[in-house]
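Below is one structure, written out as structure tokens, with a few remarks after it.
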Amino acid sequence: MYDHREARITWQSIPVLFPDDLAAALYLRGESYFKRCFMPAEDEPKKFWEHCKEHSTWFGTHPMKDFQRLDRLIPFTLYGDDVQCYKNSEVGAISVIGWTSDFAFLNGTLLRYFPICTWSEHCGTEFTYEDIMKHVTMRISRMVDPEFIHEWSQGGFAFIFHGISGDLKWIRDQFGLHKFNVNECCSSCGAVKDHPDPSMTISDFRPTAHHVGTAPDLSSFHEISSVIFTLPGASPERVVHDPMHSQLLGTGKLSNGSGIIYLAESSWWHPFQPSGTYPDALEHALRLAHKDFLAWKKLTGLDVSQPRFTPARLSRKGRQNYACMSCKAAPSKAVAFWVAKRSFELANREGANEMDHLVATCLGTYAMSLELMDKAELIMSQFEAERFCELTLTHLQTYAALNKRSRRLTGKSTGRNLWLIVPKHHHLFHCALRVKEERINPKAAALFSGEDFVGRISRIARVCHRSTLSQRVLERYLALVHLELARL
């Protein structure tokens with residue numbers, strides 16, 4: 001840690017809530033509480049692991065695949081993030097490390113995510129995370145060791161290290177993977193942003209693209225060499241970029257923003273820019289668009305809150321700016337359904353052109369993939385997995401076609417500088433292929449509760465003194481967990 005009084009890096013003690021200690025405390029409180037937090041569905045675990053034996057190359061070669069009680073094998077997933085805590089303060093953001101069981105994805109936040117450690121980035125250094133994880137990893141390795149006797153062993157339970165989740169910034173900073181700000185931005189294959197062969201770039205979303213199956217550049221990963229990858233089953237492939245950050249807070253913000261701008265410029269709500277400047281005309285159209293969205297939201301009964309659409313909120317102050325809508329995850333999904341419906345109506349009107357039909361296909365398939373993901377069980381049927389892959393690839397391929405056409409437009413042409421392609425589109429491409437192969441519903445890894453978890457940590461930290469923040473956050477969060485368990 002960094003000591004600001006002495007202006008140098010020093011060794012300091014920091015409170016840590018080790019996962020095995022918390023799991024033991026929950027089991028000693030009662031097996032029902034333990035199961036409620038880690039595997040609430042009785043019939044789900046065995047079916048999941050038997051399915052993974054056949055369809056997952058990761059679990060098919062894992063030593064725990066022959067564990068006798070697969071119905072009591074709990075997947076351990078590590079989670080980390082940074083969160084802004086103190087505004088207008090030198091303390092600024094705090095870093096959070098937590099963990100969860102992937103079988104608890106339907107639980108509320110307090111019974112799904114549990115903190116391991118928090119610290120202020122004001123006092124953190126480039127060594128802090130790894131120093132903490134050296135000790136945490138030793139305890140996790142003992143926790144996932146089937147030969148080690150724990151409190152929960154008498155009930156036949158065991159933990160298996162399943163993966164690491166978080167947003168791209170956290171994954172990049174801590175592990176040197178998926179470095180979205182460089183040309184070699186993918187750690188799953190050899191796709192890059194710029195290459196003489198277009199089929200090696202992230203904008204080629206065909207399953208036959210040259211980058212599919214190629215080896216990624218993992219030099220930065222090996223340079224950092226995080227201690228967490230010494231755990232059995234831990235590898236770069238188990239670092240998961242979840243669909244909430246990849247889609248709803250990534251590709252969805254771009255497709256929603258581009259779709260709304262395209263509808264506005266196509267005079268869907270009002271004749272666009274008969275006179276005046278572009279920003280003024282767009283602001284008036286977006287005001288009508290937001291009115292339309294609120295009316296549709298009331299009609300469908302969706303309870304989400306989305307601030308009004310403005311040129312600034314859609315990053316579109318001029319035709320030279322690519323559109324990207326600023327919003328949270330839940331409103332992003334609602335806007336996706338609404339803008340898809342309006343784009344279908346635009347494509348079905350008299351005089352609709354080829355671009356209108358492409359936009360409707362792009363936005364419609366994205367909305368249908370979200371709907372399919374919501375309705376499917378943890379293990380998708382063969383039809384559902386193939387349908388999800390088909391919808392996602394169609395969305396990505398039409399998005400790439402729109403991007404290509406949009407870049408060719410000039411002047412006051414409708415749809416100029418829309419449909420920006422970013423590395424998160426490529427992550428969605430990998431997600432589609434992985435779902436088709438493994439048939440595991442990506443919603444199980446979505447970090448809706450994870451974002452709520454760090455939000456709660458942030459609110460707790462605001463009322464703690466910075467000198468005792470690391471300890472008080474853990475104590476107060478555990479108090480909330482206790483109150484939540486008392487309601488069961």
Side-chain angles (χ1 to χ4, degrees), residues 205 246-270 272 278 281-297 300 302 304 306-317 319 321-349 352-371 391-392 394-407 409 413-422 424-425 428:
F205 300 112
S246 178
Q247 292 175 260
L248 301 179
L249 295 177
T251 64
K253 295 167 70 171
L254 291 162
S255 59
N256 289 344
S258 297
I260 293 171
I261 297 298
Y262 185 82
L263 287 166
E265 293 183 358
S266 299
S267 303
W268 177 251
W269 292 287
H270 185 269
F272 190 74
Y278 180 84
L282 183 60
E283 185 169 6
H284 178 64
L286 292 180
R287 196 176 297 119
L288 297 176
H290 190 251
K291 178 184 177 182
D292 180 27
F293 171 69
L294 294 178
W296 173 86
K297 188 180 71 168
T300 55
L302 290 177
V304 294
Q306 171 60 37
R308 65 188 180 93
F309 305 144
T310 64
R313 194 163 279 129
L314 273 78
S315 303
R316 184 75 168 183
K317 294 184 178 181
R319 283 189 173 90
N321 302 118
Y322 278 95
C324 179
M325 191 179 73
S326 175
C327 64
K328 298 292 186 181
S332 176
K333 183 187 289 189
V335 171
F337 292 135
W338 166 74
V339 76
K341 181 176 176 60
R342 293 295 178 259
S343 67
F344 272 118
E345 294 170 355
L346 176 71
N348 290 327
R349 71 177 180 177
N353 57 36
E354 185 183 359
M355 194 85 158
D356 296 337
H357 289 284
L358 274 176
V359 170
T361 301
C362 177
L363 299 177
T365 49
Y366 172 62
M368 286 189 282
S369 70
L370 292 177
E371 188 175 19
L391 289 170
T392 303
T394 302
H395 162 67
L396 291 171
Q397 289 165 14
T398 52
Y399 190 99
L402 287 167
N403 169 269
K404 188 175 181 179
R405 293 190 178 206
S406 178
R407 285 187 286 112
L409 298 175
S413 302
T414 299
R416 177 188 165 196
N417 284 345
L418 298 176
W419 320 104
L420 178 66
I421 293 179
V422 295
K424 287 186 177 182
H425 286 99
L428 182 55

Can you check whether [X] reaches [Y] side chain to side chain, under 4.5 Å on heavy atoms?
X	Y	answer
L346	V359	no
W338	I260	yes
L358	R405	yes
M355	Y262	yes
K253	K424	no

For [X], what residues pass the ring pair (Phe, Tyr, Trp, His ring centres under 6.0 Å) criterion, not counting sequence neighbours?
X	result
F337	none
W268	none
F272	Y278
H357	none

**Report entry** salt bridge (charged side-chain N to carboxylate O under 4.0 Å, His left out) involving K341 - partner list, sequence neighbours excluded
**Finding:**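 Expected list: E345.
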Return the [atom1] to [atom2] distance between [X] and [Y], rounded to the nearest 0.5 Å.
X	Y	atom1	atom2	value
R287	D292	CZ	CG	15.0 Å
M325	I261	CE	CD1	10.5 Å
N321	N417	CG	CG	8.0 Å
L391	Y366	CG	OH	13.0 Å

Closer than 3.5 angstrom, by distance alone: can the side chain of [X] be matched with the main-chain N or O of [Y] as a donor-acceptor pair?
X	Y	answer
H425	V422	yes
S315	C324	yes
E265	G415	yes
N256	S332	yes
Y399	L420	yes
Q247	G252	no
H290	Q306	yes

Applying side-chain hydrogen bond (donor to acceptor under 3.5 Å, both in side chains), can you list everything that pairs with [X], at least two apart in sequence or on another chain?
X	answer
R319	Q273
R407	N403
K333	D374

Requested in this report: Tell me, please, which residues at least two apart from S326 pass side chain to side chain contact (heavy atoms under 4.5 Å, CB included).
Outcome: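 With sequence neighbours excluded, S326 shows a side chain to side chain contact (heavy atoms under 4.5 Å, CB included) to R313, given in chain and number order.
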**Report entry** side chain to side chain contact (heavy atoms under 4.5 Å, CB included) against S258, all qualifying residues, sequence neighbours excluded
**Finding:**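 A323, L418, W419.
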Report task. Any chance you could lay out the side-chain contact (heavy atoms from CB on, under 4.5 Å) test for R342 and W296, step after step, and finish with the verdict? Result -> CA-CA 10 Å; R342 293 295 178 259; W296 173 86; 4.1 Å; yes
So, for [X] and [Y], which heavy atoms are closest and what is the spacing to 0.1 Å?
X	Y	answer
L370	A336	CD1-CB, 4.1 Å
S266	T414	OG-CG2, 3.5 Å
I421	A400	CD1-CA, 4.0 Å
S255	H395	CB-CE1, 4.3 Å
L249	A329	CD2-N, 3.6 Å
L282	R316	CD2-O, 3.3 Å

Requested in this report: Would you mind listing every salt bridge (charged side-chain N to carboxylate O under 4.0 Å, His left out) that reaches into residues 355-367, with sequence neighbours excluded?
Outcome: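 Listed by first then second residue: nothing to list.
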**Report entry** Pairs touching residues 361-371 that satisfy salt bridge (charged side-chain N to carboxylate O under 4.0 Å, His left out), sequence neighbours left out
**Finding:**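 Sorted pair list: E371-K375.
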Query raised in the report: What do the steps show when you test V335 against C327 for side-chain contact (heavy atoms from CB on, under 4.5 Å), and what is the final call?
Result: CA-CA 10 Å; V335 171; C327 64; 6.0 Å; no
